[in-house]
Each structure stands twice: as structure tokens, then as C-alpha cells.
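Here the structure comes first, spelled out in C-alpha cells, and everything after it is commentary.
We're numbering straight along the sequence, starting at 1. This one's a predicted model, so the numbers in the text were calculated from it and none came from an experiment.
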Amino acid sequence: MEKKYYTTKAENVTDADIKTNPLDLLNNVPLLTQDCEFSDIYEVDIKSKEVISKLTLRDFINDGIEVVKRETSYNNSSGNGAQIGSSGNDARIGSSGNGAQIGSSG
């Protein structure tokens, strides 16, 4: 699956409006409007900032799952070359609860 880009704006899209994970847009808009309609979420072309298509709820869920699968398949956490990492503003790695652990050994 090639990388897709998402926004909640139909016009005047800026780099700050664009996310690579559609689930990240839920920080800006609710999943459903007050009328219980799916919020307007669009796939955009990263170069032109133009809307390619409006996502249906099904598209939104499928694309969100694909992003999670892609991101977790590259984050090998066991075996040779295992790594645990976090980067960016306010990046954190955490574990809580009885017997919670985070570890890496090589």
C-alpha cells in the first residue's frame, strides 16, 4: 500500500492540515457530527494539496488499520536487531500495571 495523506479541509489545505494516519485527524474533529454523520475526511495529493476523494467511514477504518499494520510491521521488537524507540515532540515509551516491562536485549 502506498502512503496516503489525509485532511479534514476540502479547500486551502496547508502542510499543517495534512496527516499520514487518518486516525490522527480525530484529534481535530469528532468521528461523528452532532447529526451522527461521519465527519468530512479527505485524501489529498501531497504535492498539489488538492483533494483526491472524500473518505467513507469504511475507507477511514480500512486506511487506519493499514497504517497501523504498516507501522507495527516495521517495528520489530524481538530477535536480532530488535529496537525500541521514540522520537519527536513529547515522544514517550511507557509501561504501566502489574508486571509491566519494556526491554531490549541483543
Side-chain angles (χ1 to χ4, degrees):
M1 178 179 153
E2 72 180 60
K3 188 179 267 191
K4 296 182 180 181
Y5 301 89
Y6 307 92
T7 186
T8 57
K9 295 175 78 175
E11 297 177 340
N12 302 320
V13 178
T14 66
D15 287 337
D17 301 319
I18 298 174
K19 306 292 183 200
T20 56
N21 183 343
L23 301 175
D24 290 341
L25 295 172
L26 297 179
N27 292 331
N28 303 332
V29 298
L31 183 60
L32 300 176
T33 66
Q34 290 180 343
D35 298 327
C36 293
E37 297 288 329
F38 178 60
S39 290
D40 291 342
I41 296 179
Y42 305 94
E43 181 181 348
V44 294
D45 178 79
I46 191 67
K47 294 177 185 173
S48 68
K49 311 278 189 300
E50 293 183 9
V51 170
I52 296 171
S53 64
K54 182 176 175 182
L55 271 63
T56 64
L57 180 58
R58 179 181 179 175
D59 295 335
F60 174 81
I61 292 170
N62 285 338
D63 286 1
I65 290 170
E66 287 301 316
V67 168
V68 170
K69 284 172 41 179
R70 182 178 66 230
E71 288 179 359
T72 57
S73 68
Y74 294 123
N75 294 330
N76 182 9
S77 60
S78 64
N80 294 339
Q83 296 179 350
I84 297 174
S86 180
S87 64
N89 296 341
D90 298 320
R92 298 179 184 180
I93 296 176
S95 179
S96 65
N98 295 338
Q101 297 179 350
I102 295 177
S104 180
S105 62

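- Note: the hydrophobic cluster containing I61 also contains F38 (ILVMFWY, side chain heavy atoms under 4.5 Å, direct or indirect links).
- Nearest heavy-atom pair, P22 versus G64, reported as atom, atom and distance to 0.1 Å: CG-N, 3.6 Å.
- Listed by first and then second residue, the side chain to side chain donor-acceptor pair (under 3.5 Å) pairs that reach into residues 18-38 come to none, sequence neighbours excluded.
- Under the 4.5 Å side-chain contact rule for hydrophobic residues, V68 and I41 share a cluster.
- The hydrophobic clustering, which links ILVMFWY residues whose side-chain heavy atoms are closer than 4.5 Å, places L26 and I18 apart.
- Contact between R70 and E2 at its shortest, heavy atoms only, is NH1-O, 4.4 Å.
- Rounding to the nearest 0.5 Å places OH of Y42 at 13.5 Å from CD1 of I52.
- Under a hydrophobic clustering in which Ile, Leu, Val, Met, Phe, Trp and Tyr are joined whenever their side-chain heavy atoms come within less than 4.5 Å, directly or via other members, L31 and L25 fall into the same cluster.
- Only one option out of V44, D45, V13 pairs with Y5 in a side-chain contact (heavy atoms from CB on, under 4.5 Å); it is V44.
- Residue pairs meeting the side chain to side chain donor-acceptor pair (under 3.5 Å) criterion with at least one partner in residues 7-17, sequence neighbours excluded, are K9-D17, T14-D17, D15-K49.
- Between V67 and L23 the shortest side-chain heavy-atom distance does not fall below 4.5 Å.
- Of all heavy-atom pairs spanning A10 and V51, the tightest one is O-CG2, 3.4 Å.
- A single hydrophobic cluster is seen to contain both I65 and F60, as judged by linkage of ILVMFWY side chains at heavy-atom distances under 4.5 Å, directly or through other members.
- Listed by first and then second residue, the side chain to side chain donor-acceptor pair (under 3.5 Å) pairs that reach into residues 51-60 are D40-K54, T56-D59, sequence neighbours excluded.
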